[in-house]
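Residue numbers run from 1 in the order of the sequence given. Note that the structure is a prediction, hence the values are computed from the model and not measured.
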Amino acid sequence: MTRGRRREHYQWNMDIIGVPEVMAEAELISSIVTFFKRIGITASDVGFKVSSRKVLQEVLSRYSIREDLFGKVCIIIDKIEKIPLNDIKEELKAAGVSTEAVEQLLQVLSIKSLTELEEILGDAGEAVVELKQLFSLAEKFGYSEWIQFDASIVRGLAYYTGIVFEGFDRDGKLRAICGGGRYDRLLSTFGGDDIPACGFGFGDAVIVELLKEKGRLPALSLQVDNIVCALDHDLQGPAATVATILREKGQTVDLVLENKPLKWVFKRAARINAERLILVGSAEWQRGMVGVKILSSGEQHEIKLDELE
């Protein structure tokens, strides 16, 4: 439990399945940028750090590091901004990475320029080729100013296989806002075939903190159009019919599901800020009508079911 990290949160996930090209990652980042713009967050507030798991793979393959160590190395590297660098070195060595490989790896992970990465790894490897494609597409999508290369971004989850990215606040006060990447071999772990895929997770905790920080968190109040209540247990069916009629007309409805006293119903209506109370009584229902009470004014009347709006 820290700022921007809770035991329970809501999360927006978006995934693109079946597209092997980098266009998929570019579209995912574009979706997040669009969301940021719509809530008043700009490129001066947040950005995306982008890299590729294939950068690590290329470095580790040069030193004949066993493939089964790759996931473990990624988890260690993901701590690079969270624990001292010496601790990172010790953990890598303890995992079976040679001292020479550790130094080379950390040198590469300190790179913040795609041009510099190309100088070290060459321009033929998949990592550099795909990253250059992504930055080219970012220009076409119009969000170049939002993204930057950072080789230290690997994401801690073992299933990522290619490009990875994280959203961050430029003031550096908060945890990662969102993150994701390519996971072409994940689906087979659940018994299916390997299908190209990429996606991201975007929790509500950090973005809420950022919106508070920027003074852009809207004051949202609960507003329900109707609360519908049956005055007798035998009328719960008719009350459900009324709720359905209103919902099909685009109204929001809170249907009282139990036989509650009216005092409880009025308290509930006040708590959810309902505009109207619809009462389904026996005598009224027999005449094809329901009772309507406008809660703001106290005005009360009966209305035919087919005239209920």
Side-chain angles (χ1 to χ4, degrees), residues 11-36 47-62 65-75 77-78 105 108-109 111 113-118 120-144 146-168 176-202:
Q11 181 160 302
W12 167 32
N13 280 11
M14 181 179 285
D15 300 88
I16 297 177
I17 311 295
V19 179
E21 291 84 13
V22 177
M23 186 71 175
E25 287 93 329
E27 169 74 339
L28 290 173
I29 296 173
S30 175
S31 300
I32 305 173
V33 169
T34 299
F35 169 70
F36 280 142
F48 294 89
K49 294 177 181 179
V50 178
S51 188
S52 173
R53 280 289 182 87
K54 293 176 183 178
V55 172
L56 271 183
Q57 286 175 325
E58 289 184 30
V59 174
L60 294 178
S61 65
R62 290 185 179 188
I65 304 298
R66 299 196 322 269
E67 192 173 330
D68 62 314
L69 286 178
F70 182 69
K72 196 169 187 178
V73 169
C74 288
I75 292 170
I77 295 302
D78 192 49
L105 183 58
V108 171
L109 291 174
I111 294 174
S113 159
L114 196 50
T115 303
E116 192 178 346
L117 180 73
E118 191 173 352
I120 294 175
L121 298 183
D123 60 2
E126 288 184 6
V128 171
V129 169
E130 290 173 358
L131 285 164
K132 288 174 74 174
Q133 287 176 352
L134 178 63
F135 277 79
S136 175
L137 286 167
E139 291 184 18
K140 306 297 189 298
F141 274 100
Y143 60 76
S144 290
W146 293 76
I147 69 171
Q148 63 192 61
F149 175 72
D150 186 332
S152 68
I153 299 301
V154 297
R155 304 291 293 162
L157 297 172
Y159 55 69
Y160 288 115
T161 57
I163 286 174
V164 286
F165 55 88
E166 284 186 359
F168 70 99
I177 302 169
C178 58
R182 180 160 290 277
Y183 51 91
D184 286 346
R185 293 192 291 271
L186 177 63
L187 297 181
S188 63
T189 64
F190 295 99
D193 296 326
D194 280 326
I195 301 174
C198 56
F200 66 78
F202 191 131

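Across all their heavy atoms, Q57 and T161 have their closest contact at OE1-O, 4.4 Å. Taking each heavy atom of F202 and C178 in turn, the nearest pair found is CD1-CB, 3.5 Å. For the pair Y183 and G181, the tightest heavy-atom approach, listed with the atom from each and the gap, is CD2-O, 3.6 Å. Listed here is the closest heavy atom pair of V154 and D78: CG2-N, 3.7 Å. Nearest heavy-atom pair, G122 versus V128, reported as atom, atom and distance to 0.1 Å: O-CG2, 3.4 Å. The two atoms that bring D15 and G199 nearest to each other are OD2-CA, 3.5 Å, heavy atoms only.
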Side-chain donor-acceptor contacts of residues 23-30 below 3.5 Å, not counting sequence neighbours, with atom names and distances?
{"residue": "E25", "atom": "OE1", "partner": "R182", "partner atom": "NH2", "Å": "3.1"}
{"residue": "E25", "atom": "OE2", "partner": "R182", "partner atom": "NE", "Å": "2.7"}

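The CG atom of L109 lies 10.0 Å from the CD1 atom of I153; values are rounded to the nearest 0.5 Å. With rounding to the nearest 0.5 angstrom, the CG atom of L56 is 6.0 Å from the CD1 atom of I77. Rounding to the nearest 0.5 Å gives a distance of 12.5 Å between CG of L114 and CD of Q148. The distance from atom CG of D123 to atom CD of E118, rounded to the nearest 0.5 Å, is 5.0 Å. Atom OG of S52 is separated from atom CZ of F149 by 8.5 Å, given to the nearest 0.5 angstrom.
Between F36 and F48, the two ring planes are tilted [angle within 30° to 60°].
Taking 4.5 Å as the limit, some side-chain heavy atom of L117 sits within range of a side-chain heavy atom of L131. Counting only heavy atoms from C-beta outward, the side chains of L121 and V59 approach each other to under 4.5 Å. Using a 4.5 Å cut-off on side-chain heavy atoms (C-beta onward), L60 and L105 make contact.
K54 pairs by the side chain to side chain donor-acceptor pair (under 3.5 Å) definition with E126, E130, not counting sequence neighbours. Among residues two or more places apart in sequence or in another chain, the side chain to side chain donor-acceptor pair (under 3.5 Å) test is passed with E58 by none. Remark: F135 engages no residue in a ring pair (Phe, Tyr, Trp, His ring centres under 6.0 Å) (not counting sequence neighbours). Residues satisfying the ring pair (Phe, Tyr, Trp, His ring centres under 6.0 Å) criterion with F165, sequence neighbours excluded, are absent altogether. Partners of F141 under the ring pair (Phe, Tyr, Trp, His ring centres under 6.0 Å) rule, at least two apart in sequence or in another chain, are Y143.
A side-chain donor-acceptor contact under 3.5 Å links Q11 and N13.
For the side-chain contact (heavy atoms from CB on, under 4.5 Å) with V19, the lone residue among V22, I16, I17 that qualifies is I16. The one candidate from F200, W12, W146 that meets the ring pair (Phe, Tyr, Trp, His ring centres under 6.0 Å) condition with F35 is W12.
In this structure, the side chain of R53 engages the main chain of R155 through a donor-acceptor pair within 3.5 Å. A distance-only check finds no donor-acceptor pair linking the side chain of D150 to the backbone of V50 [under 3.5 Å].
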